[in-house]
2 protein chains.
Amino acid sequence: MRVMKHPAIQEVSIEQVFYALSDPVRLEIVQKLCITDEASCSALDGGRPKSSVSHHFRVLREAGLVWTRNEGVTHMNMLRRAELDERFPGLLDVVAAAIPNGKGETRLGC
Amino acid sequence: MRVMKHPAIQEVSIEQVFYALSDPVRLEIVQKLCITDEASCSALDGGRPKSSVSHHFRVLREAGLVWTRNEGVTHMNMLRRAELDERFPGLLDVVAAAIPNGKGETRLGC
DNA sequence: TCGTTAGTTCGATTACAATAGAACAATGGC
DNA sequence: GCCATTGTTCTATTGTAATCGAACTAACGA
């Protein structure tokens, strides 16, 4: 639990990112992080089992989308926004614009 | 072979689109279509078996990414660019910007 | 009408991914 | 030190998707 693997943003492929975002659970997590900026795993689990949620966070981390840091016993997650905006400009805007039923149309929301 | 199913663009979900783009073969096809505007299936098969390529085109069609029309015995494929730009603004720009080793950085390339 | 071409559909195989329970690990509080 | 909390890792199951050969279909030309 000590060290968390986070790939360098240049090592991340766009296929990987698309794949990570193609799962409804993970897309929901990312979209929530677009709004909340930072959140614990349990705050984003949507009532799902811990092991499933942990799996999805791993995929998101390995795709370079999410950064996780230890804060005591909880893990705080945030989007790697600046890096992603530089590596894949506009991508997070697309994700944010697709947030259902919220103010998704505001490009600056993410 | 007569009628081709193409979903209305509003019925397409962003998850579906991300999923379609997460496969290397399909991403390559879409990126080629970003440049060539229109092409037959065989021109984009990359030497793969016909059945595999046909499968991938079906996924792309059902995700709303590609429009296929019959032209004699061949099928011509093109991106549904205008519709996609309206439904998911910026998405095709991200895809085009990720074109390897070409002039991918030009936002207007797609 | 017969063959050719281009692509689809079918069927089987194989590989990978989602799910979730159980055991484990790390931190913090008592 | 002991226990609760939070999340990870392990393992198994299940479902879904990629691949490809083979049969099929539609359009075209000789």
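All of these numbers come straight from a predicted model, not from anything done at the bench. So you know, we letter chains A, B, ... as the sequences are listed, proteins then strands, and number each from 1.
- Under 3.5 Å, the side chain of B:Ser54 and the base of C:dG7 form no donor-acceptor pair of N or O atoms.
- Atom pair A:Phe57:CZ and C:dA20:P shows a separation of 16 Å (rounding to whole Å applied).
- An OP1 or OP2 oxygen of C:dT19 is reached within less than 4.0 angstrom by a side-chain nitrogen or oxygen of A:His56.
- Following rounding to the nearest Å, A:His55 (NE2) and D:dT8 (P) show an atom-to-atom distance of 12 Å.
- A salt bridge links B:Glu28 with B:Arg48: the distance from a Lys NZ or Arg NE/NH1/NH2 to an Asp or Glu carboxylate oxygen falls below 4.0 Å.
- OP1 or OP2 of C:dT8 sits under 4.0 Å from a side-chain N or O of B:Arg61.
- Proximity of A:His75 to the phosphate of D:dT6: no side-chain N or O atom is located under 4.0 Å from OP1 or OP2.
- One finds a side-chain N or O of B:Ser52 lying less than 4.0 angstrom from the OP1 or OP2 phosphate oxygen of D:dC20.
- A cation-pi arrangement is absent between A:Arg26 and B:Phe18 under the rule of less than 6.0 angstrom and at most 45 degrees off the ring axis.
- When the shell of 6.0 Å around CZ of B:Arg58 is examined, it contains 12 or fewer heavy atoms from other residues, nucleotides or ligands.
- Summary of the strand contacts: A:Arg26 and B:Met76 both lie near DNA chain C, and taking for each the nucleotide with the nearest heavy atom, the more 5' one is attributed to B:Met76.
- Side-chain nitrogen and oxygen atoms of B:Arg58 include none within less than 4.0 Å of the OP1 or OP2 phosphate oxygen of C:dG7.
- Contact annotation for B:Ser51: base contact, defined as any heavy-atom pair under 4.0 Å involving a base atom.
- Taking side-chain N and O atoms only, B:Tyr19 has no distance below 4.0 Å to OP1 or OP2 of C:dA18.
- Comparing A:Val25 and A:Lys50, the nucleotide of DNA chain C nearest to each residue sits closer to the 5' end for A:Val25.
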